[in-house]
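All chains are named by letter (A, B, ...) in the order of the sequence lines, taking the proteins before the strands, and each is independently numbered beginning at 1.
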Amino acid sequence: MKRLNTFPKGGIHPRDCKEASCDKVIQNASMSNTAVVPLSQHIGAPAECLVKKGDIVEEGQLLGKSGGFVSANIHSPVPGEVKEIKNIFLPNGISTPAVVIEMQGEFSRLGKAVPSIPWEGMSVEELTAKVSEMGIVGQGGATFPTHVKLAIPKGKTCEIFIINAVECEPYLTSDHRVMMEKGREVLEGIRIIQKILSPSRTVIGIEANKMDAVEHLDTLIKQSGLNMEVMPLQVKYPQGAEKNLIKAVTGKEVPSGKLPLELGVINANVGTCLSIYEAVVEDKPVIERVVTVSGGAIKNPSNLKARIGTSFRTLIEDCGGFSEEPAKIVAGGPMMGFTVYDLDTPVTKGTSGILALTDKEIKAARQTACLSCGRCLSSCPMGVNPTKIFKLIDNNMIDEAAEAGLMDCVECGSCAFMCPAHIPLVQGFRTGKKILRKNAMKKAGK
Amino acid sequence: MSYLGIIITYVFISNVILSQFLGLCPFIGVSKNVESALGMGFAVTFVMSIASLVTWAIYHMILLPLGLIYLQTIVFILIIAALVQLVEMVVQKYSPILYKALGIYLPLITTNCAVMGIALINVNSGYNVIESFTAGFSGGLGFLLAITLMSAVRVQMETEKVPRYLKDAPIAFISGGLMAMAFMAFDKALLNNLIG
Amino acid sequence: MKEKIKITSSPQFHHPQSTSSIMWTVSLCLLPAGLWGIYMFGFRSLLVMAAAIIASVATEALLGLINKDKTVSDGSAFLTGLLIGFNMPPAVPIYVVVVASVFAIAVVKWTFGGLGANWMNPALAGRVFVFFSWTSGMTKWTLPHPGTIDAVSGPTPLGSLKTGLASLTPSVQGPLDLLSAEGVPVSYMDLFLGRIPGCIGEVSALLLILGGLVLIIRKIVNWEIVVSYLGSFALFVWVFGGFRYGTGLFTGDVLFHMLSGGLMLGALFMATDMVTSPLTSKGMIVYGIGCGFMTYLLRFFGSVPEGVSLAIIFMNIFVPLLNRAFQPEKFGMIAAEQEAGK
Amino acid sequence: MSELTKGFIRENPIFILMLGLCPSLAVSTQVVNALGMSVGVLFVLLGSNIMVSLLKNFIPEEVHIPAYIVIIATFVTLVDLLMQAYAPSLSKSLGVFVQLIVVNCIILGRAEAFASKNNVKDSIVDALSMGLGFFFGLTLISLIREVFGAGTITLFPMGSFDGVIEIPGLVNAPIRIISLSAGALLVVGYLKALFNWLSERPAKEAS
Amino acid sequence: MDEILRIFWGFLSTVLFGGLLGLGLAVASKKLKVEKDETVEALENALPGLNCGSCGYAGCSSYAEAVAEKKDDDLSKCKPGGPESLAAIGKIMGIEVDLNATRMVAYVHCMGSNDKTSRSFEYEGLTDCNAASLLFGGSKDCKYGCLGLGSCINVCPANAIEKTGDGLVRVKPELCISCGKCVEICPNGVIRMIPEDADFIVACNSKDKGKDTKAKCSVGCIGCKICEKKFPEAGYKVQDNLSIIQYDNRGPGRADAVQKCPVKCIIPYAERKSNETMEVE
Amino acid sequence: MTSTVKKAGKLALICAISALLLGIINSVTEPIIAERKKIELQNALISLIEEGTPGAKEDLAEGIITSRYPIEGPGGWILDMTGKGYGGDLKILASYKPDGTVMDVVLMDNSETPGLGKKAEKSSYMDKFRGKGGSEPVPVSKDMIQESPDTITGATITFSAVANTVKEGSDYVKTLGDK
């Protein structure tokens, strides 16, 4: 058998724990009475709030307008009344204003059949405008505004378009289910992007633990004679990281400090492709997404289609609640996700999963001193020296840490996962980056 | 003794720093980072080789025939001082970066006991001119080796949680002690077995 | 819901191994060889091991108390003590063992800041310290006497070899031959099983290899170091090992040298100490070859019969430098350089 | 008074200023050597400090280092010759290190840092202080090294006393490595840490 | 006679060596001379040589260079050197400097120890405030207070900061060298510089609304403006729901406000400085 | 330029005074040192033999043997030899019976490690050689004197250097035969 492609350097093999939810068909989630819609659900500037307390909003109405070059629109997921606009903490630790909407009135779209819009006749500009208008962001977790990504600067071309269907995070199965159940829509979404980018090659990268999805999409592509290929990849974390996926698929390395476009590569998540399809063909903004609810402490792990702004509590209750006391509630996957302490935390565009993990699953241990075992080095997919960088940051030698490659770190967590001393390396790198940014701003201010 | 023997002796067995305690001041002072340690090591090697040659010549051509051995100390130190001043000026002129890195330690080569020590040892051991040069050169190499190893250890220690009062110089000495212990692997018997 | 839920940075779950699990696993893998040593050399060796472990753990506890860092439970001090016990002759005076342990923990480890901060293997440094201080006490060897109480002294194979080589007769073909001529014959099987005089824990090559294999499989021991150390040592012995017997190149008795002395203990358990070995594979290989060469050099030419511990601590000095020289290759760095070069 | 005692702890030349290490380590295997060395250093230090302080206006800036060195070397040779003539056994055991006093950084350091800027009286006090500090430091090192490393304390032989005090228990099984180079470096390292602590303590108490 | 001849030879050769060496050096020092600014040297001597970097330069010598070359006209940048350095620098540069400026010391504007503030989760991770603040701004509900993990302790070059043992840190003013590193590193900006002779302090940093502050901390300033309104001349000013003391405006009623503060977050500095004995962790 | 010469001149002047001073001191101490060395040598020579008196010095250049003194009376030789030690040359005086048996050995100038090699200066150290060299061989390795190799470094080297030198002397005396 031919050896499957993967990226050569670093990477780890955590238990993938997907069996609990990989066969669960996507269900519609309940809606909580109030939706809390944060105005910053993407990387970049928060959206500018367009509503005020007491306003009545409709389903899909624009709540926040893109607030800068790298920013995205925010739409109301439910019809109702704006109760207040308050600051909340998102799981990634960022404090942002959020619009609290009490559900009331009629849903204009829910449950109604929508006519498909023929998009083949639309121009590239029109398509991009649609993507921008509907507030589409990368749904793999990075939440980079998609319209910015699709706007290729002058002089650059897209050679290869890669669809990230790797889903290398353990537990998560939402992309897997989307491919199985919404395969046609996803492929249609890909075709829309093909039109925008006109790449010479389109590859869908899927890890080999989802062979059913590989076969399903392959069949669909062959049936419709589409100009794209499905590439099964070896199972290895973090294959979903942009640069590592490109290396795995094309064998080329994106130069350090450069963007993938340098190699003529653009990639997008499966979920993003689905959103693009919905935006263009169904004229629907991003107001819902598929969320995997799983973990040892969840009674019935499931994949749910949830409205943005729904609280975690609602979704967990949909899954039968907790079977035992969770040690951690995680938004996202266990490798890069964030812990939350408040079950009223809302689902955002980037929430790919909600995990309730037990003590037994997290394998916490007391932090000890670094043993210089070198596991962080051998697991690092970016080929930096985590222990050295961490020690430099720990000793306030931030500039030296930057020189040693701090900014190359993608925070995938491989090093901290492997570290036998249980040193929170990634937290250290985030802290270092924060201080570095602060210093840079101070210098610029001077 | 063969030249190889002299080299092994002065680099490993009688390492100027780790076994003869010569040149400890710059060893502790300039070993805080690898780059300046290398610079210092090369500077010392250079000065030491030249000084060995020159002092040999002075001793055997002037002091010995004229019966002026009692002036050995004063003459040797003058020559070394002159050489060092020369090197210092040249470095200062042509490589300000190196000069800045070595800082006040370049003039300290003058009082680097290693240079003077090797010169005296050469004379006491009755080496001929090439042997003297070899001894001086390999003495410098031994210094270079020890200071480079030490600097890498110290850079590593900079990010470890060394107890406060043991930081810097004490830790350098103690590391030096452990190195000296490991260097005890090399002894005269090993040399004799190796090259007969 | 718990009243106070845990908030941590990612990743949210973890590989099952931890510092203490590693330390205890290594200790466990060493245990069979240690038990064999106690069986071979009797009650006295148990006393030596106990003294080493108690002294190490007590020193660690005391220093941990002073430094407000509770590190006894991580098992590293226990392991250091165990290894010191392994490296002692059965008849060594107890004060020697205690000094070695205190030196290892207090000077080599805690002076630099405790676990992980030391750059030299504490157990080996402790052993070398007492070896040079009390050489006669450290060379009191006992013949194996399983089941009996009487301890009779006798030289180790490598020790006999060293003295034998001084008055070498041309008719001797190799180490085994020489040992027979010296009146202390051994067989490969004796060496392999550990029916020879030596340090308590080093004699049984078989049990050490088994323990080491478990650790290699569990990825606690880096195979790079083991392979490059043993490989380069075997190569040097094979190529140059025959010279001293006058049999020329490529005639060295590899098997004898691989199985004798502390090589297996050193290569599998001591050179591979995570803290004092290089971080990257390339560094590990260079380090392993260095260890192999130094062991060969000291065994064949040094003034001491055995060279493993000295070879390893000598190479420990080079580790910080090796870590600088062999940095991992940054992702996209070559591409970035090509870009810049264009 | 404090000028005279500063050399003991606060500005101890060996442990705080880190000067004159090479001879301190090399000859500190026996107490008697340390004593002899200290006397030699004290003499040279006094002589050179006085001369440098006297000649400070005469010596031109460009050649001040060689000039100081010549002055120091003169005194060193003086000590060497006198020792050979009148204290042969000490001269023998100190060996080449008597000549190496010339490169003892303490002496040049004090000439450069103190004597060249101060008057004769102060320079003498400084030399005494530094010399005594060196004496104290060196004796401490040698005492530790000889007691632990050899189990003896070697002093001058006087009458029926052969000069060697044996420490019971240690003399038969000393920690020999302490008397070797490795031990010397270790001992100095820990003493330096001790002195760091000592010298920082009064500052803390004052505040 | 031989003896005298030998002394002569020795004399001659040494004189030759010395003379040649001296000549060589004198010539060489002229030919190879690298200009070293005397002012820089003098300035370097005037600076304490801590190389702490609080002046914003890489070290004492680079600050000295900048001053000497008149690239930097602020002579008071060296905080650790204090008035002594300032005076010396001023003298070298020939500029009159005001020596009466009061020394500034760092102060942690928070009294929200563990028993006085609420928390809603258990933080686990690095013992570092910047790291903790990345996760929901730290485990204390008040996002403006002292996190007590001691990032400032690690950066303080003077060992002047210590943990109090109940979730806060405290600056020992007598050891503070005014370098401002703690102010810079603190993620919540709770450490601010105050004059050494400060009389009172509003020991709070919370900019939350009064109601929210009250829910989170029993000693937080609720921005009620009693101090500002009742004692308009006392130098209290409430901004962003937080009372700030103006130290150059010490009007009447300053001390009375302490009694009137409903949450008792105005405290005399001297009390905090010396009388408070805290258990050190 | 004149100032340059002046500066150089000043240094030369200091050198001159130093050289003069040292020359004078040397002329005072030199005879004392020489005298002391002579007495020391004489004492050493006398201490090496139990009966008879040492004869006049005869310079030699046979390998490591620099000079020899015949023992007047019972016969035999005292040899002045130079061995290679750990820290440099070892000056060794040894007395032999005509058959090459070692009578006594003393170590003169040396720069061995104090505490280790230096121990060789003690007379008890030399006991191991007394009476050897005739019928019994001179012990050259530590194992031959039935003592565990206590230290590996300095002492061993010093010991074997002394031993080898003494042995070579013994062999030399044997070649002289009964004179």
| remark: Turns out that what part of Met382(A) lies under 4.5 Å from chain C's heavy atoms comes down to both
| Does NZ in Lys363(A) sit with more than 12 non-hydrogen atoms of other residues, nucleotides or ligands closer than 6.0 Å? | yes
| task | Using a 4.5 Å cut-off on heavy atoms from C-beta on, say whether the side chain of Ser10(C) contacts that of Glu411(A). | result | no
| said: Is it the case that atom NZ in Lys434(A) sees more than 12 heavy atoms from other parts of the structure closer than 6.0 Å? | reply: yes
| request: Under 4.5 Å heavy-atom distance to chain C, tell me which part of Leu371(A) shows up: side chain, backbone, both or neither. | output: both
| query | Are Phe13(C) and Glu361(A) close enough that some pair of their side-chain heavy atoms sits under 4.5 Å apart? | reply | no
| Which portion of Glu262(A) sits near chain C, non-hydrogen atoms under 4.5 angstrom | side chain
| Do other residues, nucleotides or ligands put more than 12 heavy atoms under 6.0 Å from the CD atom of Glu19(A)? | yes
| task | Counting only heavy atoms closer than 4.5 Å, note whether Ala404(A) contacts chain C via side chain, backbone, both or neither. | result | backbone
| field | His14(C) to Ala416(A) - nearest heavy-atom pair and separation | value | NE2-O, 2.8 Å
| task | Under the side-chain contact (heavy atoms from CB on, under 4.5 Å) rule, what do Asp408(A) and Lys330(C) come out as? Steps first, then yes or no, please. | result | CA-CA 8 Å; Asp408(A) 284 280; Lys330(C) 231 200 260 175; 3.2 Å; yes
| message | Quick check on Asn323(C) against chain A: is it the side chain, the backbone, both or neither that has a heavy atom closer than 4.5 Å? | response | neither
| Contacting moiety of Arg15(A), where chain C heavy atoms sit under 4.5 Å | both
| Residue Ile22(C) versus chain A: region with a heavy atom under 4.5 Å | side chain
| field | Rounded distance (nearest 0.5 Å) linking atom CG of Asn222(C) with atom SG of Cys373(A) | value | 8.0 Å
| Which is it for Gln327(C) and Lys388(A) under the side-chain contact (heavy atoms from CB on, under 4.5 Å) test, yes or no, and what are the steps along the way? | CA-CA 10 Å; Gln327(C) 290 279 340; Lys388(A) 182 179 166 192; 3.5 Å; yes
| query | Just by modelled atom types, is the Thr8(C) backbone N or O under 3.5 Å from a matching donor or acceptor in the Gln427(A) side chain? | reply | no
| query | Out of Val426(A), Leu355(A), Asn385(A), which one racks up the most heavy-atom pairs below 4.5 Å with chain C? | reply | Asn385(A)
| query | Does CZ in Arg366(A) sit with more than 12 non-hydrogen atoms of other residues, nucleotides or ligands closer than 6.0 Å? | reply | yes
| field | Check: Ser256(A) side chain, Gly332(C) main-chain N or O, donor-acceptor pair, under 3.5 Å | value | no
| note | Note: vs chain C, highest number of non-hydrogen pairs under 4.5 angstrom among Thr387(A), Leu425(A), Val384(A) is Val384(A)
| field | Contacting region of Cys370(A) [heavy-atom separation from chain C under 4.5 Å] | value | backbone
| query | Just wondering, more than 12 heavy atoms not from Trp223(C) lying within 6.0 Å of its CH2? | reply | no
| query | Is the closest side-chain heavy-atom distance between Arg375(A) and Met274(C) below 4.5 Å? | reply | yes
| Given that the side chain runs from C-beta out, which part of Tyr237(A) has a heavy atom under 4.5 Å from chain C: side chain, backbone, both or neither? | neither
| request: Sort Pro170(A) into side chain, backbone, both or neither according to what part of it lies under 4.5 angstrom from a heavy atom of chain C. | output: side chain
| said: At a heavy-atom distance under 4.5 Å, which candidate from Cys380(A), Cys412(A), Ser372(A) has the highest pair count against chain C? | reply: Ser372(A)
| remark: One option among Gly374(A), Pro334(A), Gly257(A) has the most heavy-atom pairs under 4.5 Å with chain C, and it is Pro334(A)
| Under 3.5 Å: donor-acceptor pair, side chain of Lys9(A), backbone of Glu329(C) | yes
| If you measure from OG on Ser378(A) to NZ on Lys219(C), what distance do you get to the nearest 0.5 Å? | 8.5 Å
| Options Pro16(C), Ser18(C), Gly116(C), Gly283(C), ranked by heavy-atom pairs under 4.5 Å with chain A, top entry | Ser18(C)
| field | Contacting moiety of Ser277(C), where chain A heavy atoms sit under 4.5 Å | value | backbone
| Atom of Ala421(A), atom of Thr19(C) and distance for their closest heavy-atom approach | CA-OG1, 3.2 Å
| task | Would you indicate whether the side-chain heavy atoms of Thr368(A) and Thr71(C) approach each other to under 4.5 Å? | result | no
| request: State whether a side-chain donor-acceptor pair under 3.5 Å links Thr339(A) with Lys6(C). | output: no
